[in-house]
Every structure is written in C-alpha cells, then in structure tokens.
Amino acid sequence: MSATAENTFDIVILGGGSGGYACALRAAELGLSVALVEKGKLGGTCLHMGCIPTKALLHAAEVADTAREGQQFGVKTTFESVDMNGVNAYKDGVVGRLYKGLQGLVKSKSIEYVEGAGHLVAKNTIEVAGRKLVGKNIVLATGSYAKTLPGLDITGRIMTSEQALFLDYVPARVVVLGGGVIGVEFASVFKSFGSEVTIIEALPRLVAAEDEAISKQLERSFRKRKINFKTGVKFSGVTQTGDVVNVSLESGDTIEADLLLVAVGRGPVTAGLGYEEAGVTMDRGFVLANERLQTNIDGIYAVGDIVPGLQLAHRGFAQGIFVAEQIAGLNPPVIDEMGIPRVTYCDPEIASIGYTEAQAKAKFAEIETYDYSLGGNGKSQILQTQGFIKLVRQKDGPVVGVHMIGARMGEQVGEAQLIYNWEALPSDVAQLIHAHPTQNEALGEAHLALAGKPLHAHG
Ligand SMILES: Cc1cc2nc3c(=O)[nH]c(=O)nc-3n(C[C@H](O)[C@H](O)[C@H](O)COP(=O)(O)OP(=O)(O)OC[C@H]3O[C@@H](n4cnc5c(N)ncnc54)[C@H](O)[C@@H]3O)c2cc1C
C-alpha cells in the first residue's frame, strides 16, 4: 500500500501515555501533523494504573488516619471502617474526569488519534490493523509493565499494582514484595486501611534509591506505624491455598497472608513490536537513546519508561515535549536527569532532587551537608509530623541535593527543584523570604543554617 496524504504525518507516535501524549500535544501546538496510536486508554499507566489512582488511594488512607487520630487534636472522631466500593468510586471518579478532559484536549488539537495495537514495520512506518501510518519521524512511547520474579505467577491472591488497584475488600494481612516506591506506597495505604503489613526487601534498606538518612527515617516512621519490614532478605517462594498465601524467605522464615503484592519494578513494553527488526539498539528490552532522545536509527526517537532512567510521569512529559521541539527545530536544552524531582507518597512523604550524599561524595571533590529537623518548624509541629530536610552542597558551591521526609513534603519539591536546577547557593536561598508558618519555611531555614546564619535550628 503506498503512503497516501491522510496516512502521512510529520510525527507518528506509538503509545498514548505520559510521554506519547505530551509529545503529541506539543507537536500539534507547534503546527506539526501528528498521529497518536494507542491500544488501550489514552493517558496510559499514569492516569489509569499509576500516579492518579494510587494517589487517590493514599488520600483515602490519610482520611482514615485523620479519623483515627482526631483525639490528638482534641477532636472526638472515631474510625469505623473502609468501604472499598466507596473508595473505588471516588478513585475512579477522579480518573474518569481527568480521562475525559485529556480526550477532549487531544481532540481539540487536531491530532489523528488511532485506536489499536501498533507495530513498527519500517523505520518510518507504524502499522495498526492493516493501516500504515508513515511518519517523517517516529516516536516510540510504549511504556512499561509490572514485572514479577522467575517462577512467581501473578494469579489469584498474588498480584501486582495493576490488580491491587481494584480490590473490593481490605485484606487482613498483606505481604508486599519490594520496598521501592510502589511497594512502600501500597504498604502505607494497606496499613491505613487496617491491614497488617509486612514488606520484604532484598536490598539493605527501604527506598534504597534515596539518601540513606531518608531510608532510616522512613524505617523509623514505619516502625512507629507498626508496618513490618524485613530488609536484606530474599523471597524464595510462595504457595496459595484457598484464600491464603504462604510466603517463604531464603532466611527460612515463612509469612502467612491474605494477599501477596509483587512490587519488584517495571520492565519496558518493547517485545514483539518490531523495534529490533528495524535495527533499533536495545539493552535488556529498553530502547537506548542519546541525550536528544534519538535512537541509533535516524528519525526514530524514544521517550518515557522504555528509555533507561527514572520511570516517572513528569520525566515522560518532559521528554515528550523535548522531542516535539527537537523535531520542530527548536533545539531545546537537554534534560538533566538529576534535575528531575522525585516524590514517594507514602506516609510520611519523601521528596528529593539531585545527588544523595553518597553520590555527591563520589562526584564532587568536597561536599557539605546539613539536616534541618522539622521539630523546629511550626507548621510541621501543628501537623504533628516528624522528619527533616537534608541539604547537600558542593563545598563553597551550589546546592546539589535536597532530601525531605515528613507529612506533605511532596509539596515542597517545587522550590527544591528550582534550587537544584538554578544552581542556587545556600546564601541565594537564605535571602528569600519564606512565609510563616508553612512547611516551606523549613526549606528556607535549612538554607539559612547552611549559609551560616541559622534561625530556628538546634545544633
Ligand atoms: C502503581 C504506580 C504508581 C505510579 N506513581 C507515579 C507517581 O506518583 N508519579 C510519577 O511521576 N510516576 C508514577 N508512576 C510511573 C508512571 O506511571 C510512568 O512513569 C509513566 O506512566 C510512563 O509513561 P510512558 O508514556 O512511558 O508509558 P505508559 O504510561 O505506560 O504509556 C504507554 C502507552 O503505550 C500503549 N501501548 C503499548 N504498546 C502499544 C502498542 N503496540 N500499540 C499501541 N499502544 C501501545 C499502552 O497501552 C500505554 O497506554 C507510577 C506507576 C505505577 C505503576
């Protein structure tokens, strides 16, 4: 079939998740003709199975805890129970409204939205149900899936986040396999909903990608919340009998539970899509791209979770926008992966940007660090939360890492990322005025202290 005008575009994008749809929207804004191919739901993992539904569950969890803890604020509340049908209706309502809005947005931008499973059949062609879409440029954005371990089948009461998002009951006992971001977020939700939770993590600490001090504080907080965890321990097997799972560990321990949540990471969705056949260089299923997100094949780009690096929606958005601008000839500045903010939404929340202390020590000649305890922050005391803000700077140089833990600290990552990305000195931030009493003030205070003029800081 020869390429007809209606099947020829400036860009053909495979996958309508965060990376793919952001690329489509920006390309359309720039006057490029775009086809966006999606086999499932526009919005992808983030909107339907990831960021949005999990954060709705976490908010419901916070409401449950608030009901339980009214007494400490002198308010007589009682926690009765969690109605999962109600929780799911609330969560699905949020997702549904955003989905509708996104569909409208894509429609309004004259993007050719093509439903169906696409396949790269030539270096400039995606085929969907026999229709060949020819692009001057191709953007691969097929995202990721929940991985499991060899021999560990996802079935019945052994599930990944995909099934756990749709539970219609609160399990009494849950084992969470994996103490990374997704694992600790679900552990936090289940605990607040009333489950007894045990996290199994093979690495020596929870959220091992974060600064070590953050992991320690999270572990202290989880202990206080009576969330059980075993670190440095490997899973060896599981049996499922009726409604009960028995999880065994290499240490010889076994744990009986009603549900095993497997949260061992996400793999790229790239198998069987024609990428290798087109000659695209891959590594263990990931698509390799340079800093301008070009693959080794001229005119083929890749964005989002299929590109090695942080698997985050806002990285996908940024990469999608970048590629559209790159194709439009705007020569956008390359994305600094260290400058991408990271938030883990468990209770307490974790937010960070830039280098951990260990990474900074390896990268820079000399560094300084400072920990500001939320104990000195009025608003955090009002909220009754504990935690700290840790700053890492190059000696006599800019701040290269900000690491925060405590209730609602995710909201502080906006300023933290400006500080990192604008290479601010502690003295630059110290002279900016932070409103009192806010948790944001703690960021200001940490920089005051690191600039040598602490205010509400002990030690
Ligand atoms: C439980 C969970 C919680 C998360 N929470 C957060 C969070 O709080 N913050 C955050 O930033 N990130 C979070 N993430 C990660 C975030 O969802 C991903 O980083 C993001 O969705 C990646 O975007 P993407 O475009 O690369 O891929 P995806 O969103 O996975 O989109 C890829 C799309 O491609 C489509 N596709 C695949 N193959 C084909 C094909 N052959 N033809 C047509 N279409 C195809 C898929 O249907 C999908 O819609 C979370 C993820 C999970 C699982």
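The basis for the numbers below is simple: all heavy atoms, side chains too, and nothing from hydrogens, waters or symmetry mates. Start at 1 and go down the list; that is how both ligands and their atoms are numbered. Please read all numbers here as calculations on a predicted model, not as lab measurements. Quick note: residue numbers are just sequence positions, from 1.
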Take every heavy atom of [X], measure it against each atom of ligand 1, and state whether any distance is under 4.0 Å.
| X | answer |
| --- | --- |
| Gly116 | yes |
| His119 | no |
| Tyr345 | yes |
| Ser161 | yes |

Proximal atoms of ligand 1 relative to Thr142 (non-hydrogen, under 4.0 Å): 32 (C), 34 (O), 37 (C), 38 (N), 39 (C)

Answer yes or no: does an N/O atom from [X] fall short of 3.5 Å to an N/O atom of ligand 1?
| X | answer |
| --- | --- |
| Gly19 | yes |
| Thr45 | yes |
| Leu273 | no |
| Phe186 | no |

Please confirm whether the backbone N or O of Arg157 pairs with a side-chain atom of Gln240, one donor and one acceptor, at under 3.5 Å? yes

Mark yes or no for whether Ser195, through its side chain, and Pro171, through its backbone, hold a donor-acceptor pair below 3.5 Å. yes

List for me each residue that meets ring-ring contact (aromatic ring centres under 6.0 Å, His included) alongside His48, sequence neighbours excluded, and say none if there are none. Tyr99

The criterion is ring-ring contact (aromatic ring centres under 6.0 Å, His included); which residues satisfy it with Tyr355, sequence neighbours excluded? Phe364

Evaluate whether atom CD of Glu127 has more than 12 neighbouring non-hydrogen atoms of other residues, nucleotides or ligands under 6.0 angstrom away. yes

Heavy-atom nearest neighbour of [atom] within options [options]:
| atom | options | value |
| --- | --- | --- |
| atom 9 (N) of ligand 1 | Gly304, Cys51, Ala164 | Cys51 |
| atom 32 (C) of ligand 1 | Gly50, Ala141, Gly20, Gly15 | Ala141 |
| atom 35 (C) of ligand 1 | Glu115, Gln319, Glu38 | Glu38 |

Quick one, Leu443 and Val429 - any side-chain contact, counting heavy atoms below 4.5 Å? no

Do Lys91 and Asn88 have side chains that get closer than 4.5 Å, going by heavy atoms? yes

Please confirm whether Lys230 makes a cation-pi placement over Phe235, using NZ or CZ under 6.0 Å from the six-membered ring centre and within 45° of the ring normal. no

